[in-house]
*Asks:* 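The structure that follows is given in the form of structure tokens.
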Amino acid sequence: MTAYKKAALSLRELAARDREWLLKRLPNTHQVELRKMLAELDEIGIPKGQRWLSELESEEAKNNEDEESPPNLDANLVDSLTTAEAKQIKRVLAKEPDAVVAIILAGGEWPWSRDLLSSYKGLRRQRLETLRQQREQDLPDKVLESVLRALDRRLSWELTTARGGLNGTRRDSLIGKTRTLVWRK
């Protein structure tokens, strides 16, 4: 179940006023997607109730044990990266080498993976596809987790500075952060 689906099911449990309050605080792209899913839930008559949602999640967990999701990643990291948008990811990765972008693309089937890959053109896109396929075969879990955590921190930093929350322009490269994280463990 995607993060959007989980969010829509959870939002559906709230009172209408609370649901609207939360939705209005999200970026427009997230609002549109969640509103569409909420309408679909009403249309097909999915029942309300946290008990039902919990049962669905536990059943899904059993069914998804063999899924291609990145191994050993905590749920918060996966949820955070799942809700990102391709343009945010591309902006954060703008100065990163292709090898780093390929690691991220090889790390799982993210909702934004196709859009990110298709945003690159020509030879660079071909190079990224080739590197991604290579990384899928030989990528150590520790490296993948470190790169994804560094990406998540950079996304958080970008969001915070975009909102004017922090002053400063410090932007370490993902690969530098990853080297530090991998060697610390």
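Throughout, residue positions are numbered sequentially from 1 according to the sequence presented. The shown structure was predicted, so the numbers you read here are calculated from the model rather than taken from an experiment.
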*Asks:* Does Arg114 have more than 12 heavy atoms from other residues, nucleotides or ligands lying within 6.0 Å of its CZ?
*Replies:* no
*Asks:* Calculate, to the nearest 0.5 Å, the distance between atoms CD1 and CG belonging to Ile103 and Leu144 respectively.
*Replies:* 8.0 Å
*Asks:* What closest approach, in Å, do Trp110 and Val78 show between heavy atoms, and which atom pair accounts for it?
*Replies:* CZ3-O, 3.9 Å
*Asks:* With hydrophobic residues grouped by side-chain heavy-atom distances under 4.5 Å, do Tyr120 and Leu131 end up in a single group?
*Replies:* no
*Asks:* Any donor-acceptor pair under 3.5 Å linking the side chain of Arg135 with the backbone of Ala106?
*Replies:* no
*Asks:* Please give me the minimum heavy-atom distance between Ser113 and Gly108, naming the atom from each residue.
*Replies:* OG-O, 3.8 Å
*Asks:* Grab the two heavy atoms, one from Asp98 and one from Arg124, that are nearest each other, plus how far apart they are.
*Replies:* OD1-NE, 2.6 Å
*Asks:* Identify, with sequence neighbours excluded, every residue that meets salt bridge (charged side-chain N to carboxylate O under 4.0 Å, His left out) alongside Asp79.
*Replies:* none
*Asks:* Which heavy-atom pair separates Arg132 from Ala102 by the least distance, and what is that distance?
*Replies:* N-CB, 3.7 Å
*Asks:* Look up atom CZ in Arg19 and atom CZ in Arg35, then write down how far apart they are to the nearest 0.5 Å.
*Replies:* 9.0 Å
*Asks:* Is the shortest heavy-atom distance from the side chain of Leu117 to the side chain of Val101 under 4.5 Å?
*Replies:* no
*Asks:* Would you say Val32 and Leu34 are hydrophobically clustered, going by side-chain heavy atoms of ILVMFWY under 4.5 Å?
*Replies:* no
*Asks:* Could you check whether Glu33 pairs with Lys36 (Lys NZ or Arg NE/NH1/NH2 to Asp/Glu carboxylate O, under 4.0 Å)?
*Replies:* yes
*Asks:* Give, for atom CG of Leu14 and atom CG of Leu22, the distance between the pair rounded to the nearest 0.5 Å.
*Replies:* 6.0 Å
*Asks:* Which heavy atom in Gln31 sits nearest to a heavy atom in Leu23, and how many Å separate them?
*Replies:* CG-O, 2.8 Å
*Asks:* Using 0.5 Å steps for rounding, measure from the CH2 atom of Trp112 to the CG atom of Leu105.
*Replies:* 6.5 Å
*Asks:* Measuring from Arg125:CZ to Ser118:OG, what's the distance to the nearest 0.5 Å?
*Replies:* 5.5 Å
*Asks:* Where do Ser119 and Lys90 come nearest, in terms of heavy atoms and distance?
*Replies:* O-NZ, 3.1 Å
*Asks:* Going from CG on Leu116 to CD1 on Ile104, what distance comes out if it is rounded to the nearest 0.5 angstrom?
*Replies:* 8.0 Å
*Asks:* Only counting residues at least two apart or in another chain, list the ones meeting side-chain contact (heavy atoms from CB on, under 4.5 Å) with Gln88.
*Replies:* Ala84, Glu85, Arg91, Leu155, Leu159
